[in-house]
Structure formats: C-alpha cells, structure tokens
Amino acid sequence: MEYPFEKIEKKWQNIWQKKKIFNAEDDTEKKNYYVLSMFPYPSGALHMGHVSNYSIADAITRYKMMQGFNVMQPMGYDSFGMPAENFAIQHHSHPRITTDENIKVMRKQFDMMGFGFDWEREVSTCHPEYYKWGQWFFKRMFEKGLAYKKTSFQNWCSECQTVLANEQVENGKCWRCESEVHQKELEQWFFKITEYAEELLDFSGVIDWPERVKTMQTNWIGKSQGTEIWFKLENSEQLIKVFTTRPDTIFGCTFMALPPEHPIIIEFLKAESEDSKMHRFCDKVLNEDSITRTAEDTIKEGFFTGKYAANPVNNERIQIWITNYVLMDYGTGAVMAVPAHDQRDFEFAKKYNIPMKLVIQNKSGDLILEEMADAYVEPGFLVNSGKFDGMDSQKSLKTISKWMFENKMGKETITYRLRDWGVSRQRYWGNPIPIIYCDDCGTVLVPDEDLPIKLPENVELGKTRQNPLLSVEEWVNVKCPQCGKSARRETDTMDTFVDSSWYFARYVDPKNDTLPFSQELAVKWLPVDQYIGGIEHAVMHLMYARFFHKFMRDLKLVNSNEPFARLLTQGMVTKDGAKMSKSKGNVVDPQYIVDRYGADTVRVFMLFASPPEKDVEWSDEGVKGAFRFLNRIWHLFAKNLELIKTYKDAASDDNKLKGEIKKLRYSTHFTIKKTLNDIENRLQFNTAIAAVMEHLNNVYAVKDVEKLNDFEKAVFAESCVAIPHLMYVFAPHLSEELWILIGNDRLLHDSGTAQFNEDFLVKDKITYAIQIMGKIRGKIKVSADATTEDIKKSALEVENVKKSIEGKNIVKMIVVPDKLVSIVIK
RNA sequence: GCGAAAGUGGCGGAGUUGGUAGACGCGCUGGCCUUAGAAGCCAGUGAGAGAAAUCUCGUAGGGGUUCGAGUCCCCUCUUUCGCACCA
C-alpha cells in the first residue's frame with residue numbers, strides 16, 4: 001500500500017504556513033543565516049531545473065534551522081526581459097498581464113513542493129517598487145562617473161530597425177525577417193565595471209567558491225601586463241598607439257593591423273570615395289556579426305591602406321593594414337604585427353606577401369627566416385635589434401619598455417580583456433534609464449523625487465519591431481527638470497542583468513520606500529551565506545553582482561566586499577543525456593510527478609540521483625525507487641508505532657549488547673555521523689541519503705522485534721527515530737508526520753539535529769587488506785589495539801600470502817593504520 | 001577558436017588526505033507470498049577462466065611517477081557549460 005503522501009503534504013504545508021516558521025526575523029538572539037537560490041524568470045510553470053535548485057536550497061535551509069539559526073530563504077521573480085516581451089507579442093497580450101499570470105502559477109507550484117520560502121519578502125523586478133531602485137542606482141552610477149555614454153557597434157537589422165542579440169542572429173541573418181544583419185554604430189549607456197577590474201580579481205572576500213568559477217572570472221577579466229608603443233603616422237603628427245605583451249619583438253614589426261572601427265581608419269575613409277575598395281572592405285568586415293568577428297577560426301583578411309607609420313625604435317616604414325581579426329575593444333584597438341614571432345601575423349604576412357624580420361633567435365642559433373613554417377614564439381635571444389642584440393628575450397621585456405619610456409616611445413601598461421558593461425537595450429520590457437535630453441541643458445538626470453519612471457502601459461507591442469517606447473509620445477515628451485523647456489526621455493531600458501545584480505540585497509528590506517534597503521538590515525544579513533544556482537551564471541551574473549556589491553559598499557549601503565560567501569553551482573537536469581527542452585521533447589512536468597508520487601519523492605530523487613554540482617539524469621524508474629524508499633520508512637513506523645512510542649526515550653546505552661542489536665546501534669550512530677557530515681561539510685546529499693537507505697536496510701534486517709528485551713527495544717526504537725530526524729531536510733513532510741506520530745510535540749525544524757555517541761562507534765576488530773606488490777592477496781582481522789609488529793606477523797601467517805612470497809625476499813613492509821599492509825618482495 | 005569542467009558495471013552514481021574500485025539506488029535473475037498478476041519481502045548481480053580455492057583483466061585511450069593510481073604528471077579523444085543583447 002502506498003503511503004498517504006497527498007494528505008500528509010497538504011497538512012504540513014498548511015501548518016508551516018500558519019506557524020510562519022519560514023518567516024525570518026530581523027531581530028532575534030539567534031544567529032542569522034541567509035540561503036538564496038537564483039530567482040527564476042517567471043516562465044509560467046516550474047521545470048525540473050527549478051525543482052532541483054530549490055530542493056538543494058531547501059535542504060540547506062531546513063538543516064540550518066535545525067541547527068538553531070534564524071534562516072532567511074526568500075524568493076522572487078526576474079520578470080523583465082526579452083522573453084516576456086516576445087511571449088506577450090505571441091499571445092497578443094501585455095507582458096504585465098502574462099507575467100502576473102505566470103507568477104500566480106509558479107507560486108502555486110512552489111507551495112505544492114513545500115519549499116520553505118519567506119513570502120513576505122517576495123520581490124518582482126518588473127514592479128515599480130523594485131525597479132525604482134534600479135533607476136536610483138543608475139543615477140548614483142552616473143554621479144560617480146560610473147555610468148557613461150559612448151558609441152559602440154551593435155548587430156543591426158535595418159528591415160526591423162532594431163538591435164539584435166547574438167542569439168537572434170542566425171548565420172548572419174535576422175531571425176525574424178532573414179535580412180542581412182550588419183554592424184551599426186549606436187550610442188549606448190555603459191557601466192564602468194573596468195574601474196573595479198583589479199578588485200574583482202581578488203577573491204579573498206569569499207569563504208567557499210568553486211575554484212573553476214574563480215578561474216573563469218579571472219580569465220574573463222584577462223589582466224595582462226604589457227607595453228603601449230606610440231607609432232607616428234607618416235607625414236603627420238598623429239600617434240597610433242598599439243598594445244603589446246611582446247615589446248621584445250618591436251624591432252621585428254613590419255606592419256600594423258587595425259580594425260575598421262579604428263579612428264585613424266575612419267579618417268582615412270573620409271578621403272576615399274564611397275565605393276572605393278577600402279570602403280567596401282570595411283563595410284564587409286563590419287557586416288560580420290560579432291561572433292564571427294571574435295572567433296579565431298575566422299579566415300584572416302586584410303586590406304592595405306597604402307599608408308605607413310614609423311617604428312619609433314628604428315624609424316622603419318610600417319605598412320598600415322585594415323584587418324578583420326583585431327578588436328577595437330581590446331587594448332588600444334591596434335596591433336603591431338611581428339610576423340616572425342606571432343602565428344596570426346605570420347599567416348597574415350604569408351597570405352599578403354608582407355616582409356618579415358627575424359628578431360628572436362633560438363638557443364642553438366639555427367633559425368632561418370626563409371625556412372620557417374610557423375612563427376617562432378618561444379623565448380630566445382635578440383638579433384637585428386640594435387643595441388639590444390644578444391640579450392635574453394625575456395629579460396629584455398622590462399629593459400626595452402623602460403628604454404622606450406625614457407625616450408618617449410611608449411610606456412608600460414596593464415590591459416584587461418574585460419570591457420565596460422553595456423546596459424542599454426532598445427526594448428520595452430525593461431527598466432527605463434532615468435535620463436532626459438534637453439536641447440539647452442544636455443543630458444539631465446531625472447530628479448529622485450520623480451522616480452520611479454514608470455513604464456507606459458498603453459503600448460502596442462509587435463506593431464513595429466523597433467523599441468515600442470519610441471512611439472509613446474506622451475511618455476517620451478517631458479519638460480526638462482532643469483529649465484522646464486520641452487525635452488525628451490531616454491527610451492533605452494536597462495539590461496535585466498542590472499535587476500539581478502542587487503536583488504539579494506533588496507530581500508533584506510523589501511518594502512523600504514526611502515532607500516533600496518536600509519544599511520542596518522543589510523549589515524545584519526549580508527553577505528548571503530549560501531548562494532545556489534546554475535553554472536551557466538559562473539561569469540556574467542556573478543561578476544555583475546560582485547561589481548554591484550562593491551559599488552553599494554562604496555555608497556555605504558553594505559559593509560561587506562562580496563555578495564555571496566559560499567557558492568554552490570548546481571548542474572542541469574537532463575533526460576536521455578540532453579538538457580530538458582521543449583524543442584527536444586524530453587521535458588518532464590514536475591506537476592505530474594508530484595501528483596503521482598508527492599513532493600517528498602521528487603525532492604529525494606533529485607538529491608539522491610547525483611551530487612548537487614553535477615547534472616541530474618532524469619529517470620522514471622529512479623523516481624519510483626525514491627518513492628519505494630519513502631514507503632519503506634512509512635511502513636516501518638506503521639508496523640512498530642507503539643513500540644517506538646514506548647521505547648523512544650528509554651536508555652539504549654547497555655554495554656552488554658551483542659550481535660545484530662549491537663550492529664544496529666553502530667549503524668544508527670554511524671549513519672547520524674556520516675549524514676550530518678555529508679550535509680554540513682560537503683553538501684553531498686546523495687551520499688547522505690544513501691547512508692540513510694543503508695541504515696533502513698539494517699533496521700529491516702532485525703526480525704522478531706517483539707522478542708527483544710527492553711534495552712534492545714530501546715536500541716531498535718532509537719534506530720527508527722533517527723530516520724525522520726535525518727530525512728527532515730530531504731523529505732520534510734513525511735518526516736514531520738512521523739515525528740509527531742511517535743509522540744514528539746516540537747516540530748522538527750525546532751528539535752535540533754540528530755545526536756550520535758562517539759563511544760558506540762569504537763570498533764574492537766579492524767580488517768586489514770594485505771597487498772603484495774600492489775595486489776590484494778588476503779585479509780586479516782586484528783584487534784584494535786594490535787601493534788604494528790603484531791599486524792605484520794599475522795599478515796605473514798595468511799596461507800595465500802605465504803604462497804605468494806615463497807622463494808622471494810621481503811624488501812619492505814608498509815603498514816597503513818586501519819587500512820592495509822603492503823609487502824614489497826624481490 | 002578561446003576559457004572552464006567532466007568521462008568509473010547494462011544505467012544514475014560511491015570511493016573525503018595516493019591505500020581493499022563499484023557503497024546506495026535503478027535494471028536484471030532467482031526465491032518466498034499469491035489462483036494469477038501487481039505490490040511487498042529475501043538473496044544474487046563488473047568481465048573472463050576454474051569444481052573450488054583462487055587467478056587474470058578492469059575507472060575514455062596512450063605514456064609516466066609510486067610498494068600502491070579512479071585519485072598525481074604529460075599527451076590524445078569525447079561530452080557539457082560560458083564567450084559580453086537569452087536569463
């Protein structure tokens with residue numbers, strides 16, 4: 001018979017809600033603990049990825065509550081963004097309506113799962129009470145010079161008159177109208193995240209983050225030490241600055257590679273006719289979308305401008321080329337090409353017959369330029385480099401940089417791959433940027449008292465593909481806050497990453513209407529103790545949030561350096577080896593599974609199927625297995641309820657216990673220790689659950705419970721009681737029900753963690769494996785107090801061991817305490 | 001292409017510091033129960049050889065370090081995630 005999960009789950013969800021046990025207090029004697037899962041985009045129904053994420057977070061939440069912490073686990077919705085806008089267009093509705101509908105459905109499903117969220121702290125980024133503060137932050141950024149406007153190139157579809165995301169560009173064509181996408185220079189708002197580059201490289205403020213996330217962020221920031229070298233344009237006083245990490249190769253520079261966006265190229269173009277070859281080449285490169293441009297397997301192409309610059313170190317003439325492989329955003333946007341010592345330059349020079357010059361010779365001195373099939377990129381000693389000839393190339397880096405600086409040819413500099421964060425979006429469903437453009441006053445901030453700038457509701461979406469805000473005249477036309485004359489609003493909205501960069505802080509004070517949140521509460525709760533979310537956010541979201549947190553610290557809103565102390569990056573839910581997605585048709589609906597087996601079963605399956613940071617492979621049979629396990633627990637209690645009730649508080653510490661009952665007590669205490677350690681120190685829930693399963697098997701192995709004596713019954717009762725006590729964090733409804741059935745009157749979250757007695761874990765015999773030349777040849781059981789000599793002696797007495805070492809000399813014997821004996825023979 | 005990670009039975013996975021590979025679950029096989037099935041309970045289950053004791057092989061592939069390697073090092077292959085307007 002199946003246990004009545006439906007009744008039990010509803011019952012406990014109601015009790016938890018009524019008792020408000022998940023509503024965190026701001027003022028309490030208890031220590032605070034903040035558990036946070038990445039908030040979802042409200043897509044309408046929970047999917048398995050959510051269920052997995054929140055099952056992990058909920059287990060941690062409940063565990064910390066048992067430990068006596070005042071735990072806050074809030075939840076909200078990342079509800080702005082392109083998908084909501086597209087969804088509304090498709091359904092001929094308004095994102096405000098569809099989003100609210102979706103949130104209602106999700107909320108119901110959160111409740112059905114029994115997750116312990118503090119709903120009094122709920123936030124939704126598309127609500128004016130929330131996005132007001134995003135505007136407020138934008139203003140503070142602007143005031144500190146951290147928000148600024150510059151032109152940059154964007155994927156542009158002229159048919160739709162709109163900017164396209166990279167994912168909306170398919171093979172260089174617009175996903176909607178299939179017309180060619182080209183790069184258009186547009187004015188965009190940026191946040192100066194590069195200002196914090198150095199600080200973002202420092203992870204000393206976090207307690208426990210996966211190494212790989214730190215590495216990915218470090219690589220993304222891409223700090224590199226190098227030299228800026230100043231080349232003079234021929235017949236001009238103009239300087240072209242290049243950035244290089246290899247100033248040692250400066251004497252080998254034979255040409256210069258620039259992107260078409262480079263200011264000097266734009267200047268060259270002005271002198272050319274519109275249909276000149278140079279114009280056509282630039283247009284072609286610019287029309288490649290940014291993915292193609294940055295991919296390194298793109299075929300390198302170039303166009304010689306016919307212009308030259310002078311190499312400052314020896315005044316040699318350097319050809320100036322326009323290329324498709326140099327990025328305007330990195331370094332100075334110009335590259336000095338040294339074909340003999342850089343593979344990309346080498347290939348390019350071969351293709352276009354550009355001269356090469358060998359300036360680094362290898363140790364044996366046998367490099368011949370004409371015979372080289374590849375660039376020589378290794379260190380060596382300098383040749384053809386004037387007074388630096390013969391110098392070790394690596395040592396020369398500093399020397400040459402210094403010499404160049406002294407002679408006004410360049411300077412040492414640090415460059416980052418990290419670019420400033422472009423936050424402008426030409427879309428409706430986002431947070432309006434609080435800027436007004438006035439003909440007289442220029443760019444003016446909207447005064448704080450006018451915030452929030454609410455999104456106009458009466459827009460027709462989908463009529464044009466342009467930003468719908470452009471056509472809402474009554475919204476766009478405003479009076480200038482400074483001079484009162486007619487002015488226009490900024491119609492760009494902010495990247496939704498802005499909304500998700502500070503939401504964790506809003507939860508501490510979600511209803512504050514004078515500030516984003518109070519400093520007092522932020523200090524109490526931040527940083528988030530445990531953050532849980534997908535690995536796909538390893539770089540962008542997590543880095544933007546770190547940047548925002550440091551910015552909020554500089555505003556004196558928070559007093560910590562990092563937003564998230566511990567980070568757990570959970571894997572995806574897959575089925576048939578692929579991520580669940582509608583297009584693959586391998587989606588399993590949590591609702592269906594909960595209806596059939598209950599929320600506890602789904603949670604247990606999710607947590608048992610793999611460790612949290614790895615992907616979870618969905619398995620219908622596996623779910624049944626989890627359900628079977630919970631049923632076994634239920635039936636154990638149903639059968640022995642009276643006995644457990646009677647004996648649960650009786651003494652079980654009789655030292656004369658023997659046989660299977662002694663083993664059972666060992667199992668109970670060992671399981672408690674192992675499970676708590678797996679949860680607390682390793683966040684490894686799959687092995688924790690496995691340990692409880694194993695223990696349950698041990699309990700089931702005890703037959704004729706009624707025939708046991710009182711002490712033994714107490715041991716048996718104890719072994720049963722441990723199960724709901726440990727399972728509470730994974731299967732809270734079932735555990736809570738059993739806990740109350742056996743006569744406890746405090747709920748489990750308030751009952752402390754299970755306790756174990758170290759005395760019951762002492763073994764009197766220890767098994768040693770015997771290895772000969774690394775192969776297991778036998779096993780011995782020795783008493784726990786045996787000396788190393790005793791162990792060696794008994795190892796050599798084993799028949800099979802004797803046979804293996806016959807006629808050989810024992811060279812060495814190694815005894816690894818509590819594990820094995822290794823014998824080396826010759 | 002660049003950056004990051006992963007690869008262990010038929011399947012999901014365990015193996016925490018280099019120390020008995022395969023815990024636990026699924027599946028499969030057999031038994032009990034049942035008129036039968038389902039459910040449940042009990043047992044077996046990496047491959048190969050052998051009557052057995054036991055032996056050989058085995059953690060993507062190849063090499064190395066070590067008394068001992070799934071674990072450490074080098075190379076190769078495959079898969080997954082991210083690459084700045086998806087969130």
Side-chain angles (χ1 to χ4, degrees), chain A residues 1-2 38-41 43 78 80-83 154-155 163-169 188 210-213 215-220 222 290-291 294-298 329 418-427 495-497 500 534-541 543-544 569 571-572 574 577-579 605 608-611 613-626 628-629 631-632 635 677-678 681-682 684 686-687 689-694 697 700-701 767-777 779 799-800 803 811-814 816 818-825:
Chain A
M1 241 202 15
E2 290 178 358
M38 292 180 184
F39 63 170
Y41 161 72
S43 55
D78 190 13
F80 267 142
M82 218 166 52
Q154 306 293 329
N155 296 320
V163 176
L164 299 176
N166 279 332
E167 67 159 17
Q168 296 173 324
V169 181
Q188 304 268 295
E211 263 331 295
R212 65 160 158 161
V213 175
T215 315
M216 279 193 255
Q217 292 201 2
T218 303
N219 293 340
W220 181 265
S290 43
I291 291 189
T294 50
E296 300 214 355
D297 54 353
T298 305
D329 301 311
L418 180 70
R419 310 204 292 262
D420 278 338
W421 174 12
V423 295
S424 282
R425 298 291 181 270
Q426 289 72 40
R427 300 188 198 287
D495 180 5
T496 53
F497 272 128
S500 57
I535 185 67
E536 66 272 22
H537 297 292
V539 177
M540 302 186 66
H541 162 61
M543 196 146 76
Y544 292 145
T569 51
M572 302 177 303
T574 61
K579 187 176 180 165
F605 168 74
F608 177 66
S610 77
E613 68 279 5
K614 283 219 213 153
D615 290 351
V616 180
E617 170 69 15
W618 182 263
S619 153
D620 292 332
E621 297 305 326
V623 175
K624 283 188 206 161
R628 196 174 304 156
F629 169 53
N631 271 296
R632 270 162 67 86
H635 290 300
N677 180 50
D678 282 353
N681 301 320
R682 308 204 302 153
Q684 184 116 335
N686 56 333
T687 52
I689 294 170
V692 180
M693 285 177 170
E694 209 168 348
N697 290 341
Y700 261 82
T767 306
Y768 277 80
I770 306 159
Q771 263 182 10
I772 296 166
M773 300 307 283
K775 292 206 163 138
I776 302 295
R777 292 294 181 224
K779 280 173 196 180
E799 231 11 82
N800 205 35
K803 216 165 71 189
V811 179
K812 202 159 59 163
M813 275 181 93
I814 301 155
V816 183
D818 297 345
K819 295 252 160 72
L820 56 73
V821 183
S822 185
I823 304 171
V824 188
I825 54 172

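Per chain, numbering begins at 1; letters A, B, ... match sequence-line order. Small disclaimer: the values here were computed from a predicted structure and weren't measured.
Using a 4.0 Å heavy-atom criterion, one finds that A538(A) contacts no nucleic acid atom at all. Looking at heavy-atom distances under 4.0 Å, W220(A) makes contact with a base. Among the protein residues, Y768(A) comes within range of no part of the nucleic acid, since none of its heavy atoms lies under 4.0 Å from any strand. S424(A) comes within contact range of at least one nucleobase, with a heavy-atom separation under 4.0 Å. R212(A) comes within 4.0 angstrom of sugar-phosphate atoms only, judged by non-hydrogen atoms across all strands, and of no base. Contacts of D615(A) with the nucleic acid, taken as non-hydrogen atoms under 4.0 Å apart, involve only primed sugar atoms and P, OP1 or OP2. Note on H635(A): nothing from the nucleic acid sits closer than 4.0 angstrom, heavy atoms only. Contacts of K614(A) with the nucleic acid, taken as non-hydrogen atoms under 4.0 Å apart, involve only primed sugar atoms and P, OP1 or OP2. Here L418(A) lies in heavy-atom contact (under 4.0 Å) with a base.
Closest approach to the Q684(A) side chain among C41(B), A14(B), A87(B) is made by A14(B) (side chain taken as heavy atoms from C-beta onward). Checking C81(B), C42(B), U16(B) against every side-chain atom of N677(A), the shortest atom distance belongs to U16(B). Here the nucleotide nearest the side chain of P611(A), chosen from A14(B), C24(B), C85(B), is A14(B). Between A4(B), A87(B), G19(B), one nucleotide has an atom nearer to the side chain of M540(A) than all others, and that is A87(B). The side chain of M693(A) has C24(B) as its nearest neighbour among G15(B), C24(B), C42(B). Relative to the side chain of P83(A), the nucleotides A87(B), A4(B), A23(B) differ in distance, and A87(B) lies closest. Minimum atom distance to the side chain of E617(A) is reached by G12(B), of the listed A87(B), G19(B), G12(B).
A donor and an acceptor atom sit less than 3.5 Å apart, one in the side chain of Q188(A) and one in the base of C85(B). A donor-acceptor contact under 3.5 Å links the side chain of Q426(A) to the base of C85(B).
For the pair N155(A) and C85(B), the criterion of a side-chain N or O lying under 4.0 Å from OP1 or OP2 is not met. An OP1 or OP2 oxygen of C83(B) is reached within less than 4.0 angstrom by no side-chain nitrogen or oxygen of N219(A). Contact annotation: R628(A) reaches the phosphate of G40(B) (side-chain N/O to OP1 or OP2, under 4.0 Å). Residue N697(A) places none of its side-chain N or O atoms closer than 4.0 Å to OP1 or OP2 of A23(B). Contact between the side-chain N/O atoms of R777(A) and the OP1/OP2 oxygens of U56(B) is found at a separation under 4.0 Å.
Pairing partner, G3(B): C81(B), with both Watson-Crick or wobble hydrogen-bond distances short of 3.5 Å. G27(B) is paired with U45(B) under the Watson-Crick or G-U wobble criterion, all donor-acceptor distances under 3.5 Å. The partner of C67(B), taking Watson-Crick or G-U wobble pairs whose two distances both stay under 3.5 Å, is G19(B). In a base pair of the Watson-Crick type (N1 to N3 plus N6-O4 or O6-N4) or a G-U wobble (N1-O2 and O6-N3), with each distance short of 3.5 Å, C32(B) is matched with G40(B).
To the nearest whole angstrom, the two C1' atoms, one in U71(B) and one in G22(B), are 15 Å apart. Here the separation of G1(B) from G70(B), taken at their P atoms, is 31 Å to the nearest Å. As rounded to the nearest Å, G10(B) and U45(B) have P atoms that lie 16 Å from one another. Comparing C57(B) with C24(B), their P atoms sit 27 Å apart, to the nearest whole Å. Here the separation of C74(B) from G25(B), taken at their P atoms, is 38 Å to the nearest Å.
Between the CG atom of N631(A) and the P atom of G40(B) there is a distance of 8 Å, rounded to whole Å. Between R419(A) atom CZ and C85(B) atom C1' the separation is 12 Å, expressed in whole Å. F605(A) has its CZ atom 9 Å from the C1' atom of C26(B), to the nearest Å. Straight-line distance from the CE atom of M543(A) to the P atom of A4(B): 15 Å, rounded to whole Å.
The closest side-chain heavy-atom distance from Q426(A) to Q154(A) is not below 4.5 Å.
There is a side-chain donor-acceptor pair under 3.5 Å between D678(A) and T687(A).
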Expected rows: protein N/O vs nucleotides 64-74 of chain B N/O, under 3.5 Å:
residue: C67(B); atom: O2; partner: S822(A); partner atom: OG; Å: 2.5

